[in-house]
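Heads up: the structure comes next, in structure tokens.
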Amino acid sequence: MARLTDLFPPMPDLWGAFDQMMGRGLQAPSPSYYAEPGYPALNVFEQGERVVLEAELPGVAAPEIDISVAGQEVTIKGERKAPQLAKPTWTRQECPYGKFSRTVTLPWEVDADTVEASLHEGVLTVALSRSEKCRTRKIAVKTT
Amino acid sequence: MATSTVEKQEAVAAVPEPIDSGPRFIPLVDIVETGEAYIFYADLPGVKPADLNITYEDGALTIDGKVAPRQPAAQKYLAREYDVGSFSRSFKIATDVDPDAIKAELKDGVLKLEIPKAESAKVKKIAIKTS
């Protein structure tokens, strides 16, 4: 789908608006220095106790996607290869090909053992949970 | 050298308007011409075959359909760089194609359309007689 950011210039305020929700807030994912800046486009949302990253990555097979977690950072990296044809004449070329890499920094440390990633119909979904020491704990209030 | 006299024009405005509301998108498309066929690659992530229509009529090729939202409408986002919705794109392609032999394949969110050229439009190698 065409990205909303294709139509408007970058809006840094977008990130400030989420500070209230997550305390320190989500740092802006880094731009991709390869295929094109900001590829793939990411949607990030909470689902219960987990945070889900969703990206549209058409034309990339699961073995070509490299997802890594280090502390608070999640990196999605890979390569989308252009189709190889015999003696082609490209009359129109719009789809992004090439290497891509984006890193998202979450406000808490990610539990690397429980990350779940799946690819379906060209949509990548990565579900992330907080590491044990970053989980919220309810504190009981004693009455005296 | 023989050059192709086929013109390819795009006619996006010729598509009838939908009656539903919601975001509408124009999918990214690559078009490749080989000696045998026109090949279209369209980025259609999250599209199911049942929600995709491809029609060829009178030289106009139309790709349209919709993607149902994957999250509930009330979902709060921490970052939202893209949306999903209905999409449509039309191309005016050469008429010297074989419409009954158009092949469509949807894989990994990419639609590949192979539109074979009619026999008369295929590239023919001319043998050179030497004497």
Side-chain angles (χ1 to χ4, degrees), chain A residues 1-6 10-11 14-15 17-19 21-22 25-29 38-47 51-62 64 80 82-83 85-97 102 104 106-107 119-125, chain B residues 3-4 6-10 23-49 51-52 65-67 69-72 74-87 89 91 93-94 106-112 114 123:
Chain A
M1 301 294 125
R3 286 162 33 206
L4 297 177
T5 51
D6 284 340
M11 294 187 294
L14 196 65
W15 305 103
F18 301 116
D19 278 350
M21 209 187 296
M22 294 277 286
L26 191 73
Q27 285 182 37
Y39 185 84
L42 296 173
N43 281 356
V44 185
F45 51 92
E46 282 177 325
Q47 226 173 36
V51 163
V52 176
L53 256 70
E54 192 192 75
E56 292 187 324
L57 274 178
V60 188
E64 279 146 13
R80 180 180 178 185
L85 298 157
K87 292 210 270 220
T89 304
W90 287 77
T91 58
R92 189 183 282 261
Q93 209 285 294
E94 298 173 357
C95 303
Y97 298 113
R102 282 194 88 179
V104 179
L106 295 176
L119 183 66
H120 180 59
E121 290 169 342
V123 179
L124 174 71
T125 306
Chain B
T3 52
S4 170
V6 167
E7 286 179 50
K8 292 170 264 294
Q9 291 161 3
E10 151 188 328
R24 297 194 52 78
F25 297 91
I26 300 172
L28 297 175
V29 169
D30 283 353
I31 306 177
V32 184
E33 184 179 350
T34 68
E36 308 288 304
Y38 300 104
I39 303 178
F40 283 62
Y41 295 96
D43 274 2
L44 298 177
V47 177
K48 300 181 190 329
D51 292 333
L52 174 63
K66 65 183 195 296
V67 178
R70 294 187 279 270
Q71 314 309 328
Q75 178 73 60
K76 288 213 165 66
Y77 289 83
L78 301 171
R80 193 173 192 188
E81 296 180 345
Y82 67 88
D83 198 358
V84 298
S86 49
F87 58 89
R89 199 154 176 195
F91 295 90
I93 62 176
L106 186 60
K107 181 171 175 275
D108 289 338
V110 177
L111 170 69
K112 179 180 175 186
E114 213 174 300
V123 171

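Naming convention: chains lettered A, B, ... in sequence-line order (proteins, then strands); numbering from 1 in each chain. Excluded from the calculations below are hydrogen atoms, water molecules and symmetry mates; all remaining heavy atoms, backbone and side chain alike, are included.
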_For A:Gln93, all residues meeting side chain to side chain contact (heavy atoms under 4.5 Å, CB included), sequence neighbours excluded_ = A:Trp90, A:Cys95, A:Tyr97, B:Asp30
*Excluding sequence neighbours, so at least two apart, what forms side chain to side chain contact (heavy atoms under 4.5 Å, CB included) with B:Asp108?*
A:Ala61
With only heavy atoms counted, which part of [X] is less than 4.5 Å from chain B, the side chain, the backbone, both or neither?
X       : value
A:Ala86 : backbone
A:Val52 : neither
A:Ala55 : backbone

*asked:* If you count heavy-atom pairs within less than 4.5 Å of chain A, which of B:Glu36, B:Gln71, B:Arg70 leads?
replied: B:Arg70
*Given salt bridge (Lys or Arg N to Asp or Glu O under 4.0 Å), test B:Asp83 with B:Arg24 step by step and report yes or no.*
CA-CA 9 Å; B:Asp83 198 358; B:Arg24 297 194 52 78; over 6 Å; no
*Distance in Å, A:Glu121 CD paired with B:Leu106 CG, rounded so as to fall on 0.5 Å steps*: 7.5 Å
Less than 4.5 Å to any heavy atom of chain A: does that hold for the side chain of [X], its backbone, both, or neither?
X       : result
B:Ile39 : side chain
B:Lys48 : both
B:Phe40 : neither

*side-chain contact (heavy atoms from CB on, under 4.5 Å) between B:Phe87 and B:Asp51, intermediate numbers included*: CA-CA 10 Å; B:Phe87 58 89; B:Asp51 292 333; over 6 Å; no
*Is there a donor-acceptor contact under 3.5 Å linking the side chains of B:Tyr82 and A:Glu54?*
yes
